[in-house]
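Counting convention: from 1, in listed order, for ligands and their atoms alike. All heavy atoms count here, side chains included; hydrogens, waters and symmetry mates do not.
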Amino acid sequence: MQITPGTLLQQINNPDDLKKLGKEQLHQVCAELRQYIIDVVSVHGGHFAASLGVVELSVALHYIYNTPYDQLVWDVGHQAYGHKILTGRRDNFISNRKYKGLSGFPKRSESEYDTFGVGHSSTSISAALGMAMAAKIKGETDRKSVAVIGDGSMTAGMAFEAMNHAGVADSDVLIILNDNCMSIDPNVGALKEYLTDISTSPAYNKVRDEVWNLLGKLPVGKRFTRDMASKLETSVKGMVNRSSNLFESLHLRYFGPIDGHNITKLVDTLKDLRQIPGPKLLHIITVKGKGYALAEKDQTKWHAPGLFDKITGEIYKKKFDIPQPPKYQDVFGHSIIELAEANNKIIGITPAMPSGSSLKFMMEKMPDRAFDVGICEQHAVTLSAGMATQGLRVYCNIYSSFMQRAFDQVVHDVAIQKLPVVFCLDRAGLVGEDGPTHHGAYDIPYFRCIPNMIISAPMNEQELRNLMYTAQLESTELPFVIRYPRGEGVMPEWRKPFEEITIGKGRRLRSGKDVAILSFGHPGNFAAAAIRELLAEGLTPAHYDMRFAKPIDEALLHEALSTYGKIITVEDGTVVGGFGSAVLEFMQQHGYKNDVRILGIPDRIVEHGTLKELHKECGYDAAAIAEAVRDLCKISVNAIVA
Ligand SMILES: Cc1ncc(C[n+]2csc(CCOP(=O)(O)OP(=O)(O)O)c2C)c(N)n1
Ligand SMILES: CC(=O)[C@@H](O)[C@H](O)COP(=O)(O)O
Ligand SMILES: [Mg+2]
């Protein structure tokens with residue numbers, strides 16, 4: 001389907017084209033940009049509400065700043081669709097998040113306007129400050145750096161580490177706080193309350209108006225001098241005690257809050273701020289989903305809704321005649337409630353992903369035992385550790401790629417102290433369209449190298465439930481990782497009674513001849529599908545679902561390695577240091593010389609695409625596993641067909 005941008009947007013191939021327009025035309029540009037995002041995302045998918053909320057900001061920034069010379073850093077980057085469309089990617093935007101197409105996030109290799117690769121939150125202030133300091137060091141005194149960060153992302157420690165530095169770095173950096181009072185789910189925490197307070201407090205609004213008036217009095221085109229800045233500062237401080245404004249107390253000049261949908265005001269404000277040297281913060285108030293009524297109303301649902309009918313707002317769901325397997329996240333979300341009902345020590349924690357992890361079910365049912373702690377993975381882990389010292393059994397649910405942030409907390413606060421925290425690592429393995437920043441590729445090695453860790457992966461829903469059950473038993477005294485992938489499992493009838501699984505014990509699913517496939521987690525289903533195909537060809541590989549990468553089932557490994565000369569390992573994680581590596585280490589220790597193939601995520605950055613495309617590309621889908629068996633048995637598929 002052909003999607004045609006509006007008449008002005010059609011003419012904007014880069015920010016220079018935008019700058020040729022009169023200020024009065026920007027309303028139309030914003031309307032057309034918003035419509036184009038709706039048109040494309042409804043048909044091609046992607047993040048939605050966040051980009052709609054920053055349409056005016058995107059236009060104003062590229063209108064006023066001299067991008068890409070001036071450096072613009074988008075935090076997370078899920079809101080940067082308008083930026084992409086305005087910076088030379090309008091026509092290619094239909095390939096957004098598609099295999100070999102545009103990335104869903106800013107990416108340096110994609111455009112010179114994407115100054116910094118993002119996907120994980122709260123990096124923008126550090127990155128923009130780094131750029132501002134570099135500009136100063138290089139003598140580029142006219143070069144500006146801007147970080148755009150949301151209120152949700154502002155809750156993370158990294159943002160505060162960066163502001164702590166920015167306040168004393170004497171560098172020209174502007175932080176724009178895009179405050180829409182939402183994370184993916186409603187934003188949480190004291191900072192959120194504070195931002196609401198300063199947005200609504202009459203005292204601050206008075207200051208805002210004073211500052212606004214002062215800015216308005218500046219001679220047009222005249223560079224903002226230090227003298228003027230200090231006059232402005234005095235005016236601000238005259239109204240507000242520095243210590244009463246969080247950002248001011250960090251030595252960031254605070255401006256706002258202003259309406260982030262008023263394009264004229266945004267343009268005028270940015271024009272003035274561009275001339276003010278030093279570190280400063282502009283607080284803008286926006287509405288997530290602005291301009292699409294349904295998204296404004298249910299912002300969580302429309303964060304990334306999937307394909308939808310833009311007229312009726314119907315979000316398309318595949319329809320099936322028979323029951324389908326649930327998502328792993330929902331099995332987690334429902335099973336933790338069952339476990340918590342029977343064990344009052346169980347607590348659930350998520351850093352900002354109640355919907356994504358499905359912990360929201362427990363938060364609704366047991367609000368005093370399940371917590372969203374905001375975007376702060378490090379805090380989530382150490383908080384869990386603190387609770388564990390008091391005998392609570394915390395299920396700390398973090399996406400595998402976001403857990404990368406909290407490695408030290410896992411080592412220092414959990415593993416060294418042997419605290420039995422349960423880490424439910426959702427989105428472990430390739431995640432698809434979000435791409436390399438979000439693939440859960442590294443958790444097996446980064447956990448496997450830590451002493452005291454138990455690392456497990458369920459092959460299906462029932463296994464997930466049983467691992468969750470086992471993790472909370474009094475006899476389980478160590479940190480317990482359960483990694484499972486994005487999306488659906490394989491068992492429509494999944495709610496079976498809980499059963500204990502012996503820690504470190506895998507299972508033989510079938511015996512065979514010549515070749516054994518050792519799988520870890522969900523890709524065991526790819527192996528099972530491969531075996532079904534191979535059986536029809538007269539090949540009979542054995543299959544072991546190993547369940548644990550640590551402690552690994554040594555008895556089962558001895559059985560497999562001494563029975564089958566050829567071994568294939570399969571995992572949904574990097575092949576470097578992962579489950580396959582654990583098997584190789586075991587072989588080396590015990591003198592086995594089997595012929596081994598390690599299948600998993602290769603040692604390179606895997607881009608975005610559908611899961612099907614990526615599993616194929618990485619060579620561990622059913623077809624690739626079957627081919628590996630044939631290859632090990634030296635039978636080509638063509639020979640079989642002939
Ligand atoms: C480290 C990290 N944790 C969690 C996420 C998942 N995530 C992506 S966007 C988002 C909400 C961010 O809220 P905010 O910064 O306010 O942006 P908004 O969506 O409201 O525009 C979250 C939690 C992430 N990208 N990175
Ligand atoms: C931008 C971001 O980090 C999230 O929106 C992420 O895309 C969510 O991923 P899931 O769709 O797997 O929950
Ligand atoms: Mg927000």
Side-chain angles (χ1 to χ4, degrees), residues 45-55 57-58 74-82 97 103-106 118-125 147-159 176-189 191-192 195-196 260 283-290 295 299-306 327-330 350-360 372-381 397-406 426-440 484-487 608 611:
H47 289 97
F48 184 58
S51 281
L52 292 187
V54 293
V55 161
L57 179 65
S58 311
W74 295 93
D75 206 275
V76 183
H78 64 310
Q79 79 292 54
Y81 291 4
R97 290 164 60 91
S103 163
F105 302 103
V118 278
H120 288 199
S121 80
S122 320
T123 58
S124 61
I125 306 177
V148 180
I149 182 165
D151 54 311
S153 303
M154 193 57 116
T155 60
M158 259 202 91
I176 299 182
L177 171 57
N178 173 40
D179 183 3
N180 55 21
C181 230
M182 282 296 288
S183 187
I184 294 178
D185 293 87
N187 201 7
V188 293
L191 181 68
K192 183 203 86 168
L195 293 177
T196 308
H283 184 182
I284 68 168
I285 307 292
T286 61
V287 177
K288 196 162 172 175
K290 179 75 177 173
Q299 295 163 327
T300 301
K301 184 171 168 187
W302 291 86
H303 175 79
K327 289 181 176 169
Y328 278 103
Q329 69 182 65
D330 288 338
T350 171
M353 305 304 280
S355 292
S357 68
S358 293
L359 189 70
K360 66 176 178 189
D372 173 6
V373 295
I375 305 185
C376 47
E377 288 75 12
Q378 298 165 311
H379 165 63
V381 170
N397 189 311
I398 303 188
Y399 284 17
S400 164
S401 81
F402 302 150
M403 179 62 104
Q404 288 160 199
R405 289 250 161 123
D426 200 333
R427 281 25 173 210
L430 295 172
V431 296
E433 290 82 353
D434 271 344
T437 52
H438 285 59
H439 292 320
Y484 48 91
R486 184 172 200 269
H608 58 280
L611 276 178

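Annotation: salt bridge (charged side-chain N to carboxylate O under 4.0 Å, His left out) contacts of Asp434 (sequence neighbours excluded): Arg97.
Side-chain N or O atoms of Arg427 include one that pairs as donor or acceptor with a backbone N or O of Gly356 at under 3.5 Å. A donor-acceptor pair is defined here as one N or O able to donate and one able to accept, closer than 3.5 Å; no such pair exists between the side chain of Ser357 and the backbone of Asn397. Side-chain atoms of Ser153 do not come within 3.5 Å of backbone N or O of Ile149 as any donor-acceptor pair. Under the 3.5 Å distance criterion, the side-chain polar atoms of Tyr81 are matched with a main-chain donor or acceptor of His47. With hydrogens and angles disregarded, a donor-acceptor distance shorter than 3.5 Å links the side chain of Gln299 to the backbone of Lys288. Side chain of Asp75 to main chain of Thr123: a donor-acceptor pair is present (N/O by atom type, distance under 3.5 Å, no hydrogens or angles).
When each of His608, His78, His438 is checked for a ring-ring contact (aromatic ring centres under 6.0 Å, His included) with Phe105, only His438 meets the rule.
What you find for Asp426 and Gln329 is that their closest heavy atoms are OD2-CB, 3.3 Å. Of all the heavy atoms in Asp151 and Met182, the pair that sits closest is OD2-N, 3.0 Å.
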For a distance cut-off of 3.5 Å, show me each N or O of ligand 2 paired with any protein N or O, plus the separation.
unit_1   : atom_1 : unit_2 : atom_2 : d
ligand 2 : 3 (O)  : His438 : NE2    : 2.6
ligand 2 : 5 (O)  : His47  : NE2    : 2.8
ligand 2 : 5 (O)  : His303 : NE2    : 2.8
ligand 2 : 7 (O)  : His47  : NE2    : 3.0
ligand 2 : 7 (O)  : Asp434 : OD1    : 3.3
ligand 2 : 7 (O)  : Asp434 : OD2    : 2.5
ligand 2 : 9 (O)  : Asp434 : OD2    : 3.4
ligand 2 : 11 (O) : Arg486 : NH2    : 2.8
ligand 2 : 12 (O) : Arg427 : NE     : 2.8
ligand 2 : 12 (O) : Arg427 : NH2    : 3.2
ligand 2 : 12 (O) : Arg486 : NE     : 2.7
ligand 2 : 12 (O) : Arg486 : NH2    : 3.4
ligand 2 : 13 (O) : Tyr399 : OH     : 2.6
ligand 2 : 13 (O) : Arg427 : NH2    : 2.9

Any protein N or O within less than 3.5 Å of an N or O in ligand 1? List each pair with its distance, or say none.
unit_1   : atom_1 : unit_2 : atom_2 : d
ligand 1 : 3 (N)  : Glu377 : OE2    : 2.7
ligand 1 : 15 (O) : Ser153 : N      : 3.0
ligand 1 : 15 (O) : Ser153 : OG     : 2.6
ligand 1 : 16 (O) : Asp151 : N      : 3.3
ligand 1 : 16 (O) : Asp151 : OD1    : 2.9
ligand 1 : 16 (O) : Gly152 : N      : 2.7
ligand 1 : 16 (O) : Met182 : O      : 2.8
ligand 1 : 19 (O) : His78  : NE2    : 2.7
ligand 1 : 19 (O) : Lys288 : NZ     : 2.6
ligand 1 : 20 (O) : Asn180 : OD1    : 3.1
ligand 1 : 20 (O) : Asn180 : ND2    : 2.9
ligand 1 : 20 (O) : Met182 : O      : 2.8
ligand 1 : 21 (O) : Asn180 : ND2    : 3.4
ligand 1 : 25 (N) : Gly119 : O      : 2.9
ligand 1 : 26 (N) : Ser121 : N      : 3.0

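For the Mg ion (ligand 3), the tally of protein N/O/S atoms lying closer than 2.8 Å stands at 3.
Looking only at atom types and distance, the side chain of Ser358 has a donor-acceptor partner in the side chain of Asp330 under 3.5 Å away.
Relative ring orientation between Trp302 and Phe48 is described as tilted, the plane-to-plane angle lying within the 30° to 60° band.
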Quiz item: When you look at Asn178 and Gln79, which way does the side-chain contact (heavy atoms from CB on, under 4.5 Å) test go after all the steps?
Solution: CA-CA 11 Å; Asn178 173 40; Gln79 79 292 54; 5.5 Å; no
